[in-house]
Amino acid sequence: MEEFGIPLTKMCMEGTKYQARVDNLLSDTFTVETGLKQGDALSPLLFNLALEKKVRMMQNAESGVAVNEHRVQILGFADDLNILGESLEDALNQTVALENAAAKVGLQINVEKTKILEILDSDPSQDISESIAFEKVEEFQYLGALLYTKNDWSREISARIAKAERAFFALSKFFKSKALVTKRRLRTFENKIWRKICGPVRDAGTNDWRRKFNKELQEELGLAPVTSYIKGQRLQWFGHIMRRSEEETIRAVIEWQPEGKRPRGRPRKRWLDIIEEDLKTVGVEEWKEIIQDREKWRDTVLAAKTLIEL
């Protein structure tokens with residue numbers, strides 16, 4: 001705590017007496033030499049500080065993934081850590097280092113929940129499978145996103161659409177409610193929802209009830225599709241990144257050009273390529289100057305969100 005400049009916590013905990021209550025009876029006072037009582041508001045704070053100290057101890061200039069002049073070793077969200085390495089051996093060495101450092105403050109890695117996901121195949125001449133204490137998997141769900149060993153995002157997209165389908169059918173009775181009077185795969189799903197809300201229409205030629213066509217829904221609602229809103233949100237986040245300092249890691253990742261020889265075949269589309277395609281749909285070509293002007297970029301984002309594509 002003193003290393004992080006927070007000595008007050010130690011002062012508050014020293015000499016503290018505790019009592020346990022069972023029904024209406026209180027025990028004699030006692031002291032707690034290590035740790036905190038369950039539910040103490042300081043518990044998550046102290047845990048984060050202890051973990052942060054050990055993560056900082058692991059930072060070095062050799063391990064991790066090189067992103068321009070930066071090296072990224074660990075991505076973390078609370079106690080969910082993602083250890084990165086340019087090789088399987090590199091990642092395992094970092095994991096062992098973290099495990100040893102964490103053990104000194106009473107923290108342990110959950111072996112059952114820890115998995116190894118190898119995006120690129122390792123050197124076949126290096127067989128270190130016997131030294132792996134964790135399960136090696138082909139796909140893993142991290143912070144709600146499904147990661148796949150071949151860097152194939154189609155499974156994640158399919159999984160999200162399946163979740164949306166389940167949510168839709170779970171709420172189908174609400175969509176059928178009369179109180180609710182009032183585009184490739186995403187648009188289809190969106191139109192399905194709007195079609196359920198707006199209901200059928202009587203065909204003037206056959207006098208039969210039928211589903212409304214997509215064009216009829218668009219004319220009736222006058223709303224931009226959900227894909228336009230996603231593009232606008234993506235451009236808004238891109239603006240936040242590109243207005244940051246060039247020294248910051250998050251911007252360096254976007255502008256990073258991987259070294260080495262790429263595999264045969266058509267190169268995969270980068271996130272930046274998608275951004276530039278989104279900008280072209282709203283008539284923006286030279287975005288590097290506009291992006292530094294918050295007002296002009298805000299107008300660009302709004303134009304993308306409200307764009308009605310046929």
Side-chain angles (χ1 to χ4, degrees), residues 48 52 65-72 74-78 80 82 84 142-145 147 151 153 156-157 160-161 163-164 167 180-195 197-198 214-259 267-310:
N48 288 336
E52 176 67 18
V65 176
V67 180
N68 292 340
E69 68 275 11
H70 304 272
R71 296 200 73 89
V72 182
I74 296 180
L75 300 176
F77 182 83
D80 291 326
N82 185 3
L84 305 178
Y142 179 70
L143 299 181
L147 307 179
N151 202 22
W153 284 95
E156 168 63 11
I157 295 173
R160 293 194 181 198
I161 292 177
K163 291 179 182 178
L180 302 173
V181 291
T182 98
K183 244 166 170 202
R184 252 57 70 164
R185 300 177 69 179
L186 278 175
R187 294 285 294 272
T188 301
F189 179 70
E190 181 188 20
N191 287 332
K192 182 187 296 185
I193 295 177
W194 285 123
R195 196 172 286 115
I197 293 175
C198 296
N214 294 342
K215 186 177 181 180
E216 292 175 320
L217 288 172
Q218 186 176 350
E219 292 175 350
E220 179 179 345
L221 298 170
L223 299 175
V226 66
T227 50
S228 294
Y229 182 81
I230 293 173
K231 291 178 180 180
Q233 290 292 94
R234 190 159 52 204
L235 291 177
Q236 184 174 346
W237 173 241
F238 181 61
H240 289 317
I241 296 174
M242 299 307 294
R243 284 191 293 270
R244 288 176 173 265
S245 169
E246 294 181 356
E247 304 299 323
E248 294 200 30
T249 305
I250 188 171
R251 180 169 175 178
V253 170
I254 296 298
E255 298 177 331
W256 176 43
Q257 295 290 341
E259 298 178 358
R268 294 191 177 188
K269 190 174 291 186
R270 303 171 301 165
W271 190 72
L272 186 59
D273 297 329
I274 303 296
I275 291 293
E276 292 178 343
E277 289 181 0
D278 294 343
L279 290 169
K280 288 180 181 179
T281 61
V282 292
V284 176
E285 297 282 349
E286 301 297 329
W287 56 266
K288 293 185 179 180
E289 296 182 3
I290 299 177
I291 203 169
Q292 300 302 326
D293 189 321
R294 292 181 180 271
E295 292 298 327
K296 290 183 179 180
W297 192 253
R298 190 177 292 115
D299 292 340
T300 302
V301 172
L302 181 60
K305 288 184 177 181
T306 57
L307 179 66
I308 299 179
E309 298 177 290
L310 299 178

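What you see is a predicted model, and the numbers here were worked out from it, not measured in a lab.
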For this session: Answer whether the closest heavy-atom distance between the side chains of I254 and R251 falls below 4.5 Å.
Result: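 I254 does not reach R251 side chain to side chain.
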Point-to-point distance, once rounded to the nearest 0.5 Å, from [atom1] of [X] to [atom2] of [Y]:
X	Y	atom1	atom2	value
R294	D299	CZ	CG	14.0 Å
D278	S228	CG	OG	9.5 Å
L279	F238	CG	CZ	7.0 Å
I290	E285	CD1	CD	10.0 Å
H240	L235	NE2	CG	11.5 Å
K269	I274	NZ	CD1	4.5 Å

Output yes when [X] and [Y] qualify as a salt bridge under the 4.0 Å nitrogen-oxygen rule, no when they do not.
X	Y	value
E156	R160	yes
D273	R270	yes
R298	E295	yes

Problem set entry | Smallest separation among heavy atoms of A304 and G232, with atom names | CB-CA, 4.0 Å
Tell me if a side-chain donor or acceptor on [X] pairs with a main-chain N or O of [Y] at a distance below 3.5 Å.
X	Y	answer
W287	W297	no
Q236	L302	no
R234	I275	no

Exercise. Could you go step by step and tell me if K296 and E289 meet the side chain to side chain contact (heavy atoms under 4.5 Å, CB included) rule?
Worked result: CA-CA 10 Å; K296 290 183 179 180; E289 296 182 3; over 6 Å; no
